[in-house]
Amino acid sequence: MAQFIKENINLPVSLHDSVITSMQQNSSASYKMDGDIILKFTDGFYIVNKKELEKTGEAYILLSGVDFDFSHIYYCKENKREKITFNQLEEDIENYTICVINEMYGYNQTKFSCSMNKKNELYEVEIGIYHFNETRYEWACKPIYI
């Protein structure tokens with residue numbers, strides 16, 4: 001019997017409880033394809049080592065080769081789910097607190113489950129980004145030990 005074993009992805013970073021403080025999107029001229037999304041985390045995210053957890057300083061994530069036609073954002077509250085544009089998300093990140101609860105990675109896609117406190121109402125935010133190129137994590141060289 002032939003078989004293939006897919007190894008589990010163990011990234012050395014975690015975005016859990018990290019706050020997205022700004023977002024920049026750069027679309028290419030090729031019909032919404034191969035754009036970039038840059039997420040900024042002013043307070044950083046976490047570096048996961050075997051025996052300790054480190055918090056970075058200011059940090060960024062660059063997702064490149066984004067296909068905006070197959071990417072989406074939903075705001076969910078109670079039994080309602082509303083599709084939001086990337087422009088609206090970018091504006092809301094500037095005005096409200098968006099905290100990452102969970103991140104998931106698959107073939108050509110990255111998904112973030114977040115919470116957002118908007119005008120004293122709590123929303124679940126689902127961000128699904130379909131991208132063809134790598135994801136780059138960048139942070140200050142001196143991590144903050146917690």
Side-chain angles (χ1 to χ4, degrees), residues 1-30 32-77 81-118 121-146:
M1 172 188 289
Q3 73 174 5
F4 172 78
I5 298 173
K6 180 190 156 294
E7 297 292 329
N8 198 8
I9 298 173
N10 291 312
L11 295 179
V13 297
S14 173
L15 305 179
H16 180 71
D17 285 342
S18 298
V19 176
I20 303 170
T21 52
S22 71
M23 181 181 95
Q24 178 182 339
Q25 54 180 321
N26 304 311
S27 297
S28 73
S30 64
K32 296 185 177 181
M33 242 170 121
D34 296 327
D36 297 327
I37 293 176
I38 300 170
L39 300 173
K40 179 180 179 182
F41 299 80
T42 299
D43 294 329
F45 45 71
Y46 298 94
I47 306 297
V48 181
N49 291 320
K50 290 183 181 180
K51 294 186 179 181
E52 57 189 19
L53 189 65
E54 304 169 1
K55 181 129 186 201
T56 68
E58 185 174 284
Y60 298 86
I61 296 176
L62 169 66
L63 297 122
S64 58
V66 174
D67 185 341
F68 287 97
D69 284 336
F70 292 98
S71 300
H72 65 271
I73 299 142
Y74 292 107
Y75 287 179
C76 306
K77 184 173 182 284
R81 183 179 191 216
E82 181 182 0
K83 189 169 187 174
I84 301 297
T85 65
F86 278 87
N87 289 335
Q88 181 64 53
L89 177 64
E90 188 172 353
E91 184 179 314
D92 285 345
I93 287 172
E94 296 293 328
N95 296 308
Y96 306 106
T97 301
I98 297 183
C99 182
V100 178
I101 304 302
N102 192 19
E103 69 262 27
M104 296 167 278
Y105 307 96
Y107 180 74
N108 287 357
Q109 59 185 325
T110 299
K111 292 187 178 186
F112 301 112
S113 296
C114 307
S115 65
M116 175 179 61
N117 189 347
K118 182 176 182 178
E121 295 193 37
L122 189 62
Y123 290 83
E124 180 182 336
V125 179
E126 177 187 309
I127 303 169
I129 301 171
Y130 193 85
H131 56 99
F132 295 101
N133 300 331
E134 73 277 350
T135 301
R136 186 172 38 201
Y137 297 77
E138 297 179 352
W139 60 90
C141 293
K142 292 185 178 182
I144 303 163
Y145 291 92
I146 58 172

For this session: Verify whether the ring centers belonging to F132 and Y130 lie closer than 6.0 Å.
Result: yes
Exercise. Going through the distances and angles, do F45 and I61 end up as a side chain to side chain contact (heavy atoms under 4.5 Å, CB included)?
Worked result: CA-CA 10 Å; F45 45 71; I61 296 176; 4.0 Å; yes
Exercise. Which atoms form the tightest heavy-atom contact between G44 and A59, and what is the distance?
Worked result: CA-CB, 4.0 Å
For this session: Would you confirm whether H16, through its side chain, and I101, through its main-chain N or O, come within 3.5 Å as a donor-acceptor pair?
Result: yes
Problem set entry | Taking every non-hydrogen atom, the tightest pair across L122 and K77 | O-CG, 3.9 Å
Problem set entry | Test side chain to side chain donor-acceptor pair (under 3.5 Å) applied to H131 and D67, D36, T110, the passing residue | T110
Problem set entry | Within 6.0 angstrom of Y105 OH, more than 12 heavy atoms from elsewhere | yes
Exercise. Can you name the nearest heavy-atom pair linking S14 to E103, along with the distance?
Worked result: CA-OE2, 3.5 Å
For this session: Answer yes or no: is there a donor N or O on one side and an acceptor on the other, between the side chain of T21 and the main chain of T42, under 3.5 Å?
Result: yes
For this session: For the residue pair Y123 and Y75, categorise the inter-ring angle as parallel (less than 30°), tilted (30 to 60°) or perpendicular (more than 60°).
Result: tilted
Exercise. Applying salt bridge (Lys or Arg N to Asp or Glu O under 4.0 Å), which residue pairs with at least one partner in residues 131-140 are found, sequence neighbours left out?
Worked result: R136-E138
Exercise. Are D92 and Q88 close enough that a side-chain donor and a side-chain acceptor fall under 3.5 Å?
Worked result: yes
Exercise. Taking atom types as modelled, is there a side-chain donor on N87 or Q25 under 3.5 Å from an acceptor on the other?
Worked result: yes
For this session: Answer yes or no: does atom NZ of K118 have more than 12 heavy-atom neighbours from other residues, nucleotides or ligands under 6.0 Å?
Result: yes
For this session: Over all heavy atoms of both residues, which pair between Y46 and K55 is shortest? Give the atoms and the distance, please.
Result: CE2-CD, 3.6 Å
